Amino acid sequence: MQSNSPPERSTPLILDSLPNPLISELGCPRRTRLQIDLILLAIEALDLRGSEAILALAKELEIDEIIQNRVVLWRLRSTNPLRRYSQRRPLSLEEAKALVMIACHLARRMTVLIRQLLMDYQQLRDKQVPLEHHLRLSDYLERFRAHFRSRMNPRRAGVMVYNTDEKLNQLALELLGKLLFCTGTAGMQRFWISLFDGEVA
């Protein structure tokens with residue numbers, strides 16, 4: 001007897017390059033959802049076309065069945081519990097893998113810029129020169145602070161700790177370091193594992 005039910009969607013093969021950690025049936029842990037959204041926030045602060053680039057890359061990598069459009073992308077990222085309009089839906093491993101894969105591919109495309117900004121930051125710090133004196137770095141930090149404040153819930157304890165420009169700048173710089181980490185040898189796999197097994201070293 002022939003079944004009329006639609007065939008189950010198969011997982012894109014490209015996602016198999018990332019291992020499956022042991023997680024509960026409720027989906028990815030809180031920290032994983034938070035870190036993925038923040039790394040994408042940093043990419044958006046670096047690239048003014050961040051959201052469009054994410055959707056274009058999803059199509060290029062043939063994972064646009066998972067990240068179909070801007071609304072779906074917003075829903076996935078809103079599983080970050082610190083968001084103003086946080087979604088209570090879970091984030092599946094498949095969805096998390098798709099977001100991490102996109103973040104790491106975009107980071108690789110910006111490797112030269114990311115490395116240069118981090119080198120310039122180190123030089124500014126060594127010379128005790130204010131970050132505002134570096135236009136490209138200052139622009140990145142300003143956009144990151146604006147994105148963070150407009151999208152995160154100020155009543156959340158995890159957001160309240162970033163109550164100054166200096167603390168948000170430090171977070172933005174830490175995320176730059178993680179983006180550079182993603183561009184290295186097996187960086188995507190190592191970053192993925194770190195989301196479930198401790199902070200990136």
Side-chain angles (χ1 to χ4, degrees), residues 12 14-19 32 34-64 66-67 70 73 76-77 80 96-152 162 165-195 197-201:
I14 193 171
L15 299 184
D16 290 342
S17 62
L18 298 176
T32 304
L34 171 60
Q35 289 296 318
I36 291 174
D37 187 36
L38 286 179
I39 208 80
L40 290 171
L41 204 69
I43 286 173
E44 287 176 326
L46 283 171
D47 183 354
L48 295 176
R49 292 181 55 256
S51 294
E52 291 81 1
I54 290 170
L55 295 173
L57 189 55
K59 190 169 186 178
E60 185 181 324
L61 296 175
E62 299 182 348
I63 51 178
D64 49 330
I66 301 171
I67 305 173
R70 193 182 297 271
L73 175 61
L76 297 184
R77 294 185 61 183
N80 171 5
K97 284 182 179 183
L99 291 173
V100 165
M101 193 158 283
I102 285 172
C104 292
H105 274 80
L106 290 175
R108 283 192 199 121
R109 292 180 181 179
M110 296 187 285
T111 300
V112 174
L113 171 61
I114 294 168
R115 183 177 287 119
Q116 188 62 54
L117 288 178
L118 286 170
M119 286 174 57
D120 291 348
Y121 163 66
Q122 187 63 50
Q123 291 176 1
L124 291 170
R125 192 174 68 170
D126 291 346
K127 296 176 182 178
Q128 296 184 329
V129 176
L131 301 181
E132 293 75 20
H133 287 230
H134 189 291
L135 182 61
R136 190 69 182 87
L137 186 57
S138 180
D139 283 349
Y140 163 68
L141 296 174
E142 185 177 344
R143 281 198 297 270
F144 181 84
R145 293 195 306 267
H147 287 340
F148 186 92
R149 285 169 174 155
S150 67
R151 300 177 192 182
M152 303 302 160
Y162 299 108
D165 284 359
E166 290 72 22
K167 289 177 181 177
L168 275 177
N169 285 349
Q170 194 57 46
L171 175 61
L173 291 164
E174 288 171 7
L175 289 167
L176 265 189
K178 288 186 179 182
L179 283 172
L180 186 62
F181 176 89
C182 293
T183 69
T185 304
M188 180 166 62
Q189 287 77 12
R190 292 167 66 197
F191 175 66
W192 170 252
I193 291 169
S194 78
L195 293 172
D197 190 34
E199 295 289 338
V200 173

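Reckoned from all heavy atoms, side chains included, excluding hydrogens, waters and symmetry mates. Because the structure is a prediction, the values reported are computed rather than measured.
Checked against side-chain contact (heavy atoms from CB on, under 4.5 Å), A96 has the following partners two or more places apart in sequence or in another chain: C28, I36, L91, W192.
Within a 6.0 Å sphere centred on NZ of K59, other residues, nucleotides and ligands contribute 12 heavy atoms or fewer. E60 CD: more than 12 foreign heavy atoms inside a 6.0 Å radius.
Expressed to the nearest 0.5 Å, how far CG of L131 lies from OH of Y140 amounts to 12.0 Å. In this structure, T185 OG1 and R190 CZ are separated by 8.0 Å, a value rounded to the nearest 0.5 Å. The NE2 atom of H134 sits 6.0 Å away from the CG atom of L124 when rounded to the nearest 0.5 Å. Atom CG in N80 sits 11.5 Å away from atom CZ in R151 (nearest 0.5 Å). Note: Q116 CD to L176 CG = 12.0 Å, rounded to the nearest 0.5 Å. Note: L40 CG to I54 CD1 = 5.0 Å, rounded to the nearest 0.5 Å.
Counting heavy atoms from C-beta on, the side chains of I102 and I63 come closer than 4.5 Å. For the pair H147/M152, no side-chain contact is recorded, criterion being any heavy-atom separation below 4.5 Å from C-beta on. In this structure, L99 and L76 have side chains that are in contact, with non-hydrogen atoms separated by less than 4.5 Å.
Side-chain N or O atoms of S138 include none that pairs as donor or acceptor with a backbone N or O of L135 at under 3.5 Å. Between the side chain of T32 and the backbone N or O of L195 there is at least one donor-acceptor pair closer than 3.5 Å. In terms of modelled atom types and a separation under 3.5 Å, the side chain of K97 and the main chain of L18 share a donor-acceptor contact.
Taking every heavy atom of both residues into account, A53 and L106 meet most closely at CB-CD2, 4.0 Å. Closest non-hydrogen pair, Y121 versus L173, comes out as CE1-CD1, 3.4 Å. Between F144 and A172 the shortest heavy-atom distance is CD2-CB, 3.5 Å. When every heavy atom of F191 is checked against every heavy atom of C182, the shortest pair comes out as CG-SG, 3.5 Å. Taking both residues in full, the closest heavy atoms of D47 and R49 are given as OD1-N, 2.9 Å, listed atom of the first, atom of the second, then distance.
Each of L113, L179, L180, L137 was compared with L118 under the side chain to side chain contact (heavy atoms under 4.5 Å, CB included) criterion, and only L180 meets it.
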- Please test H133 against K127 for side chain to side chain contact (heavy atoms under 4.5 Å, CB included), starting from the C-alpha separation and ending with a verdict. CA-CA 12 Å; H133 287 230; K127 296 176 182 178; over 6 Å; no
- Candidate pair M188 and S17, rule side chain to side chain contact (heavy atoms under 4.5 Å, CB included), full reasoning: CA-CA 9 Å; M188 180 166 62; S17 62; 4.1 Å; yes
- Message: Run Q170 and E174 through side chain to side chain contact (heavy atoms under 4.5 Å, CB included) and show every step you take.
- Response: CA-CA 6 Å; Q170 194 57 46; E174 288 171 7; 3.8 Å; yes
- Message: Using the rule given for side chain to side chain contact (heavy atoms under 4.5 Å, CB included), can you reason through L41 versus L175, listing the C-alpha separation, both sets of side-chain angles and the distance that settles it, and then say yes or no?
- Response: CA-CA 9 Å; L41 204 69; L175 289 167; 5.8 Å; no
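Listed by first and then second residue, the salt bridge (Lys or Arg N to Asp or Glu O under 4.0 Å) pairs involving residues 128-149 are R145-D165, R149-D165 (not counting sequence neighbours).
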